[in-house]
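The basis for the numbers below is simple: all heavy atoms, side chains too, and nothing from hydrogens, waters or symmetry mates. None of these values were measured; they are calculated from a predicted model.
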Amino acid sequence: MANFDSGVSRYIKARAVVEVSFPVDWRGNIEIACKHCQFFDRAKQRCNLTQQVVNFPDKFVGECCPLERVEEREEQGELLC
């Protein structure tokens with residue numbers, strides 16, 4: 001068991017890959033907004049991935065959303081924030 005009484009010498013980073021599906025209506029209109037993301041906490045108005053408060057979650061994604069847009073062919077990602 002580690003002993004952190006005298007501090008921490010360094011941290012080991014870990015990553016996770018998550019996937020979120022945003023809706024497209026029958027006319028082809030895409031709505032990418034936090035309100036459709038399973039990682040958005042409506043009660044706290046906060047992203048559970050970044051822990052940041054999200055302004056206008058019904059219209060946009062958070063300022064530092066870590067999700068990348070995946071094209072249908074999954075060839076190239078585009079950063080959302």
Side-chain angles (χ1 to χ4, degrees):
M1 182 65 71
N3 181 353
F4 299 112
D5 291 341
S6 60
V8 176
S9 67
R10 65 188 176 113
Y11 290 95
I12 304 298
K13 292 185 179 185
R15 293 191 177 144
V17 176
V18 298
E19 188 170 301
V20 177
S21 298
F22 293 98
V24 180
D25 71 10
W26 292 104
R27 293 183 179 176
N29 299 312
I30 302 168
E31 187 165 296
I32 299 176
C34 290
K35 72 177 182 179
H36 298 295
C37 180
Q38 69 259 33
F39 299 105
F40 178 65
D41 185 337
R42 272 201 172 284
K44 296 179 182 177
Q45 296 290 295
R46 187 178 294 272
C47 174
N48 286 323
L49 294 174
T50 64
Q51 297 304 311
Q52 293 185 330
V53 174
V54 179
N55 297 316
F56 312 108
D58 293 337
K59 295 184 178 189
F60 308 107
V61 294
E63 186 176 308
C64 291
C65 179
L67 299 176
E68 296 179 5
R69 184 172 174 171
V70 177
E71 298 300 324
E72 288 189 34
R73 294 182 189 172
E74 298 187 4
E75 292 177 353
Q76 188 174 359
E78 172 186 315
L79 196 60
L80 292 177
C81 80

*Same apolar cluster: Phe40 and Leu49, side chain cutoff 4.5 Å*: no
*Does one hydrophobic cluster hold both Phe22 and Phe39, with members joined at side-chain heavy-atom distances below 4.5 Å?*
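Per the 4.5 Å side-chain linkage, Phe22 and Phe39 are co-clustered.
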*Can you list the residues that meet the salt bridge (charged side-chain N to carboxylate O under 4.0 Å, His left out) rule with Lys44, with sequence neighbours excluded?*
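For Lys44, no residue satisfies salt bridge (charged side-chain N to carboxylate O under 4.0 Å, His left out) once neighbours in sequence are set aside.
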Mind checking side chain to side chain contact (heavy atoms under 4.5 Å, CB included) for [X] and listing every partner two or more places apart, or none if nothing turns up?
X	value
Gln38	Val20
Arg27	Asp25, Asn29
Tyr11	Val8
Asn3	Asp5

*Fellow cluster residues of Trp26, listed by chain then number, with links counted only when side-chain atoms sit under 4.5 Å apart*: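 Listed partners: none, Trp26 stands alone.
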Which atom pairs, one a donor and one an acceptor, fall under 3.5 Å between side chains of residues 53-61 and the rest of the protein, sequence neighbours left out?
{"from": "Asp58", "atom 1": "OD1", "to": "Arg42", "atom 2": "NH2", "distance (Å)": "3.1"}

_Separation of Glu63 CD from Gln52 CD (nearest 0.5 Å)_ =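 Rounded to the nearest 0.5 Å, the CD-CD separation comes out at 6.5 Å.
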*Point-to-point distance, once rounded to the nearest 0.5 Å, from SG of Cys64 to CD of Gln51*: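 One finds 13.5 Å between SG of Cys64 and CD of Gln51.
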_If the condition is side-chain hydrogen bond (donor to acceptor under 3.5 Å, both in side chains), which residues does Gln45 pass it with, not counting sequence neighbours?_
none
